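Given the structure is predicted, the values throughout are model-derived calculations rather than measurements. FYI, the numbering just counts along the sequence from 1.
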Amino acid sequence: IPLIPTVVRRVTDTHDAVELIWCTGGVLPLLSKEKNMLLKAVFCDLDGTTIDSEPLWHDGEIELATQHGGYWDEDLGWECSGKPVPEVAEHMIEHGCTLSIEEIDVQLKAYVFNAEQERLPWIDGVRETLQSLRDAGIPVMLVTTSPRPMAENIMEQAGGLFLDYVCGDDDCAHKPDPAPYLLAAKKLGIAPEDMGKCVVLEDTFVGLEAGAASGATTIAQTCTIRTDTSSGPQFASINGYDGIDAAALDGFVRQRLAQ
């Protein structure tokens with residue numbers, strides 16, 4: 001088995017130190033400072049959960065559709081929230097867009113990527129939540145269907161708040177399949193039977209279904225999405241990140257495991 005060098009941040013009581021640790025099979029070590037926490041890791045969706053980027057996708061969809069003979073509006077955009085871009089493209093073509101699925105896929109991703117490079121629309125309080133997890137030594141993985149350049153842009157601008165990521169270019173099925181979350185757990189060395197001690201933060205039905213199917217304690221973030229997700233498979237729902245820190249997420253895990 002090849003040894004893979006992995007840069008991780010070891011949190012101590014007095015300082016942070018970046019160390020190069022050699023891991024087998026790309027498994028990242030769990031470095032939790034809070035030994036009394038049941039929470040093992042947090043897996044965070046991107047669009048609508050970490051950044052309020054859904055409007056960017058919808059603006060791009062509307063622009064492409066109107067420029068190429070189709071019709072699209074925000075309501076149609078919200079109906080497709082959380083779906084892979086090729087599926088969105090199919091719906092756009094059904095509404096008259098003359099571009100191919102491949103052309104929509106490339107141009108829409110480029111539109112959003114360029115906008116996010118200029119400015120990331122962070123959801124209020126999310127960076128404080130991520131910092132709390134980092135301070136507690138709880139690893140956070142970004143799990144997104146977005147392509148690798150978008151995920152890398154987030155990683156660069158997040159300043160170490162995410163340990164690693166799984167993206168749409170990885171070799172696994174997309175949400176609502178649980179595969180992306182199980183892959184994120186595998187990267188951390190977390191066994192499938194321990195997924196209940198991990199939290200998934202998601203906003204759309206597609207993502208919530210993926211998180212719940214992985215076995216994770218799945219929390220619906222409702223502060224940006226227009227769709228009513230109250231009937232979803234999540235364990236709990238939150239409206240924003242006020243009061244959501246490492247201890248609060250650990251509390252959700254404890255409540256679920258106590259049932």
Student: Check whether Val253 and Leu249 end up in the same hydrophobic cluster, where Ile, Leu, Val, Met, Phe, Trp and Tyr are linked by side-chain heavy atoms less than 4.5 Å apart.
Tutor: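 Cluster IDs for Val253 and Leu249 match.
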
Student: Under a 3.5 Å distance rule, please check whether Thr50 uses its side chain to pair with a backbone N or O of Asp45 as donor and acceptor.
Tutor: yes

Student: Would you say Lys175's side chain and Tyr181's backbone share a donor-acceptor pair under 3.5 angstrom?
Tutor: no

Student: With rounding to the nearest 0.5 angstrom, report the CZ to CD1 distance, Phe43 to Ile190.
Tutor: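 One finds 4.5 Å between CZ of Phe43 and CD1 of Ile190.
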
Student: Just by distance, do the side chain of Asp203 and the backbone of Ile225 share a donor-acceptor pair under 3.5 Å?
Tutor: no

Student: Quick check: does any side chain N or O of Ser132 sit under 3.5 Å from a backbone N or O of Ala246, one acting as donor and the other as acceptor?
Tutor: yes

Student: Yes or no on side-chain contact (heavy atoms from CB on, under 4.5 Å) for Glu61 and Val88, after CA distance, side-chain angles and deciding distance?
Tutor: CA-CA 9 Å; Glu61 293 158 5; Val88 178; 3.7 Å; yes

Student: If I take atom CZ from residue Arg254 and atom NZ from residue Lys197, how far apart are they, to the nearest 0.5 angstrom?
Tutor: 10.0 Å

Student: Can you pull out every salt bridge (Lys or Arg N to Asp or Glu O under 4.0 Å) where at least one residue sits in residues 94-107? Sequence neighbours excluded, please.
Tutor: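 Salt bridge (Lys or Arg N to Asp or Glu O under 4.0 Å) check on residues 94-107 returns Asp105-Lys109.
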
Student: Check which hydrophobic residues are tied to Phe205 through side-chain heavy-atom contacts below 4.5 Å, counting indirect links as well, and list them.
Tutor: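 Joined to Phe205, directly or through intermediates: none.
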
Student: Could you list all the ring pair (Phe, Tyr, Trp, His ring centres under 6.0 Å) pairs where at least one residue sits in residues 233-256, not counting sequence neighbours?
Tutor: none

Student: With a sphere of 6.0 Å drawn around CG of Asp124, does it hold more than 12 non-hydrogen atoms of other residues, nucleotides or ligands?
Tutor: no

Student: Using modelled atom types and a 3.5 Å cut-off, is there a donor and acceptor pairing between side-chain atoms of Asp177 and backbone atoms of His174?
Tutor: no

Student: Is it the case that the side chain of Arg256 and the backbone of Ala216 share a donor-acceptor pair, with hydrogens and angles ignored and the cut-off at 3.5 Å?
Tutor: yes

Student: Checking side-chain polar atoms at under 3.5 Å, does Glu118 have a donor or acceptor matched by the opposite partner on Asn114?
Tutor: no

Student: Check whether any side-chain N or O of Ser214 sits under 3.5 Å from a backbone N or O of Leu182 as a donor-acceptor pair, and report yes or no.
Tutor: no

Student: Using modelled atom types and a 3.5 Å cut-off, is there a donor and acceptor pairing between side-chain atoms of Asp170 and backbone atoms of Cys172?
Tutor: no

